[in-house]
There are 2 protein chains.
Amino acid sequence: MNNHSAFDTFMRAAFGMEPGGKTCNQLETIATTLSLDRGKIAPLDRSIDQIACITRGATKLAVHASGDREQIVAFHFAGDIVSIPSDGSHIYVMTSLVETELLVFPAREFFDQASAESTMARSLFDRLPAALNRCREKAVALGRMSAHERLAGFLTGMAERVGKRVGERIVLNLPMSRQDIGDSLGMTIETVSRQLGAMRKAGLIETRGRSQIVLRDIRELAKRAGHAKQANKKPPKNFEI
Amino acid sequence: MNNHSAFDTFMRAAFGMEPGGKTCNQLETIATTLSLDRGKIAPLDRSIDQIACITRGATKLAVHASGDREQIVAFHFAGDIVSIPSDGSHIYVMTSLVETELLVFPAREFFDQASAESTMARSLFDRLPAALNRCREKAVALGRMSAHERLAGFLTGMAERVGKRVGERIVLNLPMSRQDIGDSLGMTIETVSRQLGAMRKAGLIETRGRSQIVLRDIRELAKRAGHAKQANKKPPKNFEI
DNA sequence: TGCATTCATTGATCTGGATCAAAGACCATT
DNA sequence: AATGGTCTTTGATCCAGATCAATGAATGCA
């Protein structure tokens, strides 16, 4: 369960800590390693806040609203650190999108250790505000952007995180379904599909199979992602050619 | 500009630090005190990330989307700590809602100091994830809740933060306008007004003048705030009586 | 290799909330 | 206490995206 050198390597990569230090060792004692197949709910203790570090794979963190709908709060990939609250009015559920490995810490002890180790603290003080800002950007998108703009923003965001440049184009192998994309952007799968269709017709993207999307004009996508709902009243109402 | 004892008192209240310490003194040297009249934009250096601590009053932090609309990312009251990014695709603007006083620190130096002082670091490791979670709850509301539910959530949230119990009722003296509420909840002032009207008709609230709202049935409001958009398909479509 | 099941796309219709448009209430100033 | 400007409420209409309803791939498995 605990491969010492792998743990240390991870801690160095994640927080810039020198391996074998006291903090590193103490963190290892409170860490749990989870290996999840595709589409599994991470078995987390819901009575305490947790910190998860994704070492391999991809996950979604979602709030289960009543009924059959969920709002995905964030997607996470290898190297990402995730704060998972236990309280709050909603239940948070982390689910693997592909085969995934992650380390889980009880938040209280994790932050106790981090407070005592300035290198780690400093690293977290970069990461936490960044996570907050990503969440704020998401709130702006959900509150003020049209479906088309949200999807354009999603694609450009994914391009930065998991895109592979292939010549002029950027290739995305998305681990999440249309349902996931919809649940993340606050819209239905039908709307996701329709907007992708519009972008396809406009020559901005190609879709290959269910999971691959090729971005042919990221510049235009970024432009379309940037404008607010009732922004300029001059341009026509939709983007279809 | 720098009242030493006031600064120390604030640092103790905000981060539990003993006054007069080295970190406290060093933070004081990089702090700027701002006093803002009602409705003023905080004059912040946009080239660096900033940390603001509200010592008195109330503010809104908004993203200026193109055009005439803004998305309010959060409201802040005395005691709150605000992270204000400089980068990102949008411009963040902090505006006072009433007469307000705040301390502003350059984020980099602020976190450098915090990393070295475990008491302060520990305090921030409580606050930052909490801020992230509040933002996540906002994202859930914007992505999955109806206008009625968002407003109910707003009122119950405000009740916790600034509400005063008066007998059975909770009295809110809101410092923000209907426009601000709309910009926070991703809806128009007309919709805000109509939903308040519906709650008024249902006997849940009373409005007195522009800024006072009396919550008569916080239990029912909380219930209405909790359900997701397409939750249970059995109940009727709207909440009006 | 074909079948089955799940996932994605496309079409038709409906609706919550936006937009457009007055009217009414509040507050500051004189 | 009257006035003017701002903010809020209310009403009428419109539209982006949800919902309802098939149809059409893609992937997994026998």
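First the proteins, then the strands, lettered A, B, ... as listed; each starts at 1.
Between S96(A) and D37(A), the shortest heavy-atom contact is OG-O, 2.6 Å. Nearest heavy-atom pair, R144(A) versus E70(B), reported as atom, atom and distance to 0.1 Å: NE-O, 3.0 Å. Of all non-hydrogen atoms in L36(A) and P43(A), the two that sit nearest each other are CD2-CD, 4.0 Å.
Nearest to the side chain of R200(B), among dA18(C), dT10(D), dA18(D), sits dT10(D). Of the candidates dG11(D), dA18(D), dT8(D), dG11(D) carries the atom nearest the R194(B) side chain, counting heavy atoms from C-beta on. Comparing atom distances between the T191(B) side chain and each of dC20(D), dA18(C), dG17(D) picks out dA18(C) as nearest. For S177(B), the listed nucleotide lying nearest its side chain is dT8(D); candidates were dA18(C), dT8(D), dT9(C). Here dT10(D) is the nucleotide among dT10(D), dA8(C), dT19(D) with the atom lying nearest to any side-chain atom of E190(B). If you check dT19(D), dT10(C), dG17(D) against the side chain of S193(A), the one that comes closest is dT10(C). In this structure, the nucleotide among dT8(D), dA18(D), dG17(D) sitting nearest to the side chain of R178(B) is dT8(D).
The distance between atom CG of L142(B) and atom C1' of dG17(C), rounded to the nearest whole Å, is 14 Å. The separation between L185(A) atom CG and dA18(D) atom P is 11 Å, rounded to whole Å. When rounded to the nearest whole Å, the span between CG of L196(A) and P of dA25(D) equals 17 Å. A straight line from CD1 of I189(B) to P of dC20(C) spans 13 Å, rounded to a whole angstrom. The CD1 atom of I213(B) sits 14 Å away from the P atom of dC26(C) (whole-angstrom rounding). Rounded to whole Å, the distance from CD1 on I205(A) to C1' on dT9(C) is 13 Å. For the pair L97(B) CG and dC7(D) P, the computed distance is 13 Å after rounding to whole Å. The nearest whole Å value for the distance from the CD atom in Q179(B) to the P atom in dA18(C) is 12 Å.
A donor-acceptor pair under 3.5 Å is absent between the side-chain atoms of S184(B) and the main chain of D180(B), judged by distance alone. Side-chain atoms of T55(A) come within 3.5 Å of backbone atoms of E101(A) as a donor-acceptor pair (strictly under, hydrogens ignored).
Close to dG16(C), at under 4.0 Å from its OP1 or OP2, lies no side-chain N or O of S146(B).
Interatomic distance, CG of L151(B) versus CG of L221(B), reported as 9.0 Å (0.5 Å rounding).
Checked for salt-bridge contact, E220(B) and K223(B) meet the test: a charged N lies under 4.0 Å from a carboxylate O. In this structure, R161(B) pairs ionically with D80(B), as a charged nitrogen and a carboxylate oxygen lie closer than 4.0 Å.
In the model, N173(A) has no side-chain atom that pairs as donor or acceptor with a side-chain atom of S211(A) under 3.5 Å.
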Atom pairs under 3.5 Å: protein N/O with N/O of nucleotides 1-6 of chain D:
from   : atom 1 : to      : atom 2 : distance (Å)
dT6(D) : O2     : R210(B) : NH2    : 2.9

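When the C1' atoms of four end pairs are superposed on the next four at each end of the helix from dT1(C)-dA30(D) to dT30(C)-dA1(D), using five pairs per end, the two resulting axes differ in direction by 50°, to 10°.
Nucleic acid contact class of R208(B) (heavy atoms, under 4.0 Å, all strands): none.
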Derivation of the side chain to side chain donor-acceptor pair (under 3.5 Å) call for E137(A) and N133(A)
CA-CA 6 Å; E137(A) 298 283 328; N133(A) 291 337; over 6 Å; no
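Comparing G209(A) and A147(A) by the nucleotide of DNA chain D that holds the closest heavy atom to each, the one mapping nearer the 5' end is A147(A).
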